[in-house]
Amino acid sequence: MSSARQDQRDELWASGGELDAVVVGAGFSGLYMLHRLRDRLGLSARVFEAADDVGGTWYWNRYPGARCDSESYFYSFSDRLSEDLLQEWTWTERFAPQPEILSYLQHVADRYDLRKDIQFSTRVVAAEYDDATGRWVVRTDDGRQVTARFLITAVGCLSTTNLPDFPGRDSFLGDSYHTGVWPHEGVDFTGKRVAVIGTGATGVQAIPEIAEQAAHVYVLQRTPNYDIAGGNRPMTAEDGQQIKANYRDIWQATRETAFGFPYDVANRTALSVSEQERQRIFAEAWERGGFRLGTTFNDLLLDLEANETASEFLRARIRERVRDPEIAELLSPRDHPFFTKRPPLENGYYETFNRDNVTLVNLRKSPIQEITPTGVRTTDAEYEVDSIVYATGFDAMTGTLFKLGIRGRNGLGLREKWADGPRTYLGIATHGFPNLFMITGPQSPSVLSNMPVSIEQHVDWITDCLRHLRETGRDTIEPLPSAEDDWVDHHNEVTQMTLLPMADSWWVGANIPGKPRNLYPYVGGVGTYRQICDEVAARDYDGFGRGSGGTASDGQFTGTARAKFTDIAAATTAS
Ligand SMILES: Cc1cc2nc3c(=O)[nH]c(=O)nc-3n(C[C@H](O)[C@H](O)[C@H](O)COP(=O)(O)OP(=O)(O)OC[C@H]3O[C@@H](n4cnc5c(N)ncnc54)[C@H](O)[C@@H]3O)c2cc1C
């Protein structure tokens, strides 16, 4: 540890470790939260971060081809943080590569002098609510502890890697990598035989790049996805000028649309237009690249027949690009509707299967039996390789929260409370855990949105909430059980209106053995959700109990918020 970091620690412990707020994580969420707590509210706050620098996702995911799937110009902090920063920063590619996003977040940390309140290389291992003092006692992996009135998790939805427990996994004598914890010095695959396990969003980004270098790549696929053309390209000076001239409108739009993009779902159904017109609309969106294809019709996520038109459009694109019809068919999803699993964006992925040094292995037909010292054995062959790349994703949404060892009132564990699936109010707080806020927690739009927009909305809402507590002379807030029950019911109702429960996706926890099957993110839409949260705040934090010194007895749930959010959701779904 550097001596500056040691000094920083010593200073905190000398102060007795008493803080207003502890924030866990220093990615987009933690950086913005710290800025708001410290520089807007004037609170004493400390961020604990397991990594030795800021960046979160963009610190850890350094695999070849890693880049954002949201377009760069709206994958950043908005004018809520700074209009100047938007004008000063220039993205070089339409979908920024990992090093560029990381240097953006490092720049933000420096610009707002955030590092001095972030304790790096420190993992939070327990956070327990002390009923007697009404404070959170937060313990870190260096054996120390601090206390804070508020505990704010900024741990991200995708920060606990999923490494499947294949028999013999640790016997492999070559090199193994997980895309989510990639070596900082990079990996040279030149001349190597490589097995890549997994063809989700990260696999689809990494495989074309690895295939450029390696002697041979075995792509081990369980489920093919509907990969959408990314259409990545350098940003021109003209692009930059146009975007910068319109930033205010762009951000306003992101806050109102369903997915936090500056373009919304078209107000028409897929079957209301002719086949020819539908193909024209799909083709136009395809040409433009990115997630626009998912916004071409408003019933793609609601109606199976409508969805099949998009699914088939995408399968036809695979057949056009992959020369061998059998491989094209293996790459074509048949077991789930389009967008019921996170569709990866691809840049040259399908053409990779026309290369002589790439073999597609169908794990549906012959699953992995074991990892051997020299490779991967499926039920019908052994693939001898030098390296294995696990592109097997994350224990999303709850995995990292559970690892924090959170215990609320009367020692109630978060993991135990959520044994059958998350129970939250607005996806931001949960009954029994006073003064705990979860940025992009389960049952909020989170991973079903352009996340910086959802992150900012949560941070701003929490900031306003803390200001409200201070102005009304309280320091404790906690959801009422009735409000939580209503939110969970509403979340489930909205989920059931969609096709999302049909797929075995990580969105429903299907990638983790034993994980309760629920839709983890909220699918009611970013704009709708924002209105609901604002309505709750405007109605004197309807559904939250508030008070002082650890009790949150002063509060009611009038049901008006419930009526309101059902109305808003219905109106948005209909439009
Ligand atoms: C490869 C990849 C591509 C993505 N592309 C997009 C995209 O195009 N658009 C989009 O909207 N989203 C995308 N995402 C989602 C991405 O995670 C979010 O956009 C965003 O970066 C989340 O920021 P965050 O600060 O909330 O969490 P993170 O960036 O995940 O940061 C959380 C931090 O918490 C730290 N932490 C966790 N537990 C502890 C602990 N116990 N103690 C201390 N520190 C801890 C972690 O080390 C991490 O640094 C992508 C994710 C991945 C993995």
Side-chain angles (χ1 to χ4, degrees), residues 61 63 65 158 160-169 172 176-180 193-208 210-211 216-228 311 314-315 318 322 324 326-346 349-350 352-353 358-372 375-385 387-396 399 447 499-515 517 519-520:
N61 289 264
Y63 58 86
L158 303 171
T160 291
T161 52
N162 168 39
L163 191 57
D165 196 11
F166 296 120
R169 195 186 65 203
F172 182 61
S176 301
Y177 309 95
H178 191 291
T179 48
R193 297 160 303 164
V194 185
V196 181
I197 304 177
T199 55
T202 49
V204 165
Q205 290 185 336
I207 287 162
I210 296 174
H216 203 94
V217 181
Y218 297 95
V219 177
L220 280 68
Q221 169 192 277
R222 191 172 55 180
T223 315
N225 283 295
Y226 296 97
D227 304 342
I228 307 177
S311 302
L314 286 159
R315 289 186 208 113
I318 298 170
V322 178
D324 181 331
E326 271 180 39
I327 295 178
E329 182 52 29
L330 274 183
L331 290 166
S332 300
R334 300 275 174 194
D335 67 345
H336 66 279
F338 169 57
F339 230 117
T340 55
K341 296 182 92 167
R342 157 74 150 82
L345 292 197
E346 57 85 24
Y349 176 70
Y350 289 117
T352 303
F353 295 92
V358 175
T359 304
L360 181 63
V361 178
N362 180 5
L363 297 181
R364 273 275 174 248
K365 187 167 144 271
S366 43
I368 293 178
Q369 215 168 34
E370 62 171 334
I371 307 291
T372 68
V376 182
R377 194 198 317 273
T378 68
T379 49
D380 66 10
E382 176 159 7
Y383 300 93
E384 294 216 336
V385 292
S387 311
I388 300 177
V389 173
Y390 291 90
T392 43
F394 302 90
D395 182 355
V447 291
L499 304 175
L500 294 189
M502 291 178 68
D504 287 338
S505 66
W506 60 260
W507 286 340
V508 300
N511 62 328
I512 304 295
K515 190 164 174 171
R517 193 174 174 115
L519 183 67
Y520 285 75

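All residue numbers in this chain count up from 1 along the given sequence.
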Across all chains, not counting sequence neighbours, the side-chain contact (heavy atoms from CB on, under 4.5 Å) partners of Leu330 are Leu360, Asn362

For Val322 and Ala328 the tightest heavy-atom approach is CG1-N, 3.8 Å

Rounded to the nearest 0.5 Å, how far apart are CG of Leu500 and OH of Tyr520? 14.5 Å

With sequence neighbours left out, the residues meeting salt bridge (charged side-chain N to carboxylate O under 4.0 Å, His left out) with Arg193 are Asp386

About how many Å separate OG1 of Thr372 and CZ of Phe172, when rounded to the nearest 0.5 Å? 7.5 Å

Does His178 reach the main-chain N or O of Gly393 with its side chain, forming a donor-acceptor pair under 3.5 Å? yes

Roughly how far apart are Asn162 CG and Asn511 CG, rounded to 0.5 Å? 5.5 Å

Salt bridge (charged side-chain N to carboxylate O under 4.0 Å, His left out) involving Glu384 - partner list, sequence neighbours excluded: none

Would Trp506 and Val447 count as a side chain to side chain contact (heavy atoms under 4.5 Å, CB included) here? Give the steps. CA-CA 11 Å; Trp506 60 260; Val447 291; 3.8 Å; yes

Considering all heavy atoms, the nearest Gly200-Pro344 contact: C-CG, 3.9 Å

Heavy-atom nearest pair, Val385 first then Val194, reads CG1-C, 3.9 Å

Atom OG1 in Thr202, atom CG in Asn61: separation rounded to 0.5 Å? 7.5 Å

Please evaluate residues His336 and Asn225 with respect to the criterion side chain to side chain contact (heavy atoms under 4.5 Å, CB included), reporting the C-alpha separation (whole Å), side-chain torsions for both, the decisive distance (0.1 Å), and the verdict. CA-CA 9 Å; His336 66 279; Asn225 283 295; 4.2 Å; yes

According to the interplanar angle, ranging from 0 to 90°, do the rings of Phe339 and Trp507 count as parallel (below 30°), tilted (30 to 60°) or perpendicular (above 60°)? parallel

Tell me the closest heavy-atom pair linking Val376 and Ala195, and the distance in Å. CG2-CB, 4.1 Å

Validation row: Val389, Tyr63 side chains within 4.5 angstrom (heavy atoms): no

Give the ring-plane orientation class for Tyr383 versus Tyr218, where under 30° counts as parallel, over 60° as perpendicular and anything between as tilted. tilted

Is any side-chain heavy atom of Ile368 closer than 4.5 Å to a side-chain heavy atom of Leu220? yes

Any side-chain heavy-atom pair of Tyr390 and Phe166 under 4.5 Å: yes

If you draw a 6.0 Å radius around CZ in Arg222, do more than 12 non-hydrogen atoms from other residues or ligands fall strictly inside? no

So Tyr226 and Lys341, do their side chains get closer than 4.5 Å, heavy atoms only? no

Pairwise side-chain contact, Ser311 with Thr340, heavy-atom cut-off 4.5 Å (strictly under): no

Going by salt bridge (charged side-chain N to carboxylate O under 4.0 Å, His left out), name the residues that satisfy it together with Asp227, two or more places apart in sequence or in a different chain. none

Thr160 meets the side-chain contact (heavy atoms from CB on, under 4.5 Å) criterion, sequence neighbours left out, with Asp395, Thr400, Lys403

Side chain to side chain contact (heavy atoms under 4.5 Å, CB included) between Phe338 and Ile228, intermediate numbers included: CA-CA 10 Å; Phe338 169 57; Ile228 307 177; 3.9 Å; yes

Roughly how far apart are Thr392 OG1 and Ile512 CD1, rounded to 0.5 Å? 8.5 Å

Looking only at non-hydrogen atoms, find the nearest pair between Gly375 and Ile388 and report the distance. O-CD1, 4.5 Å

Non-neighbouring partners of Arg517 that pass salt bridge (charged side-chain N to carboxylate O under 4.0 Å, His left out), sequence neighbours left out: Asp504

Is there side-chain contact between Lys365 and Thr378, with heavy atoms separated by less than 4.5 Å? no

Minimum heavy-atom separation for Ser366 to Asp380, with atom names? OG-OD1, 3.3 Å

Below 4.5 Å, heavy atoms only, C-beta onward: do Leu163 and Arg169 meet side chain to side chain? yes

Treating Thr199 as the side-chain partner and Thr223 as the backbone partner, does any N or O pair qualify as donor plus acceptor under 3.5 Å? yes

Look at the side chain of Lys515 and the backbone N and O of Ala396, then say whether any donor-acceptor pair between them is shorter than 3.5 Å. yes

Taking atom CD of Gln369 and atom CG of Leu363, what is their separation to the nearest 0.5 Å? 12.0 Å

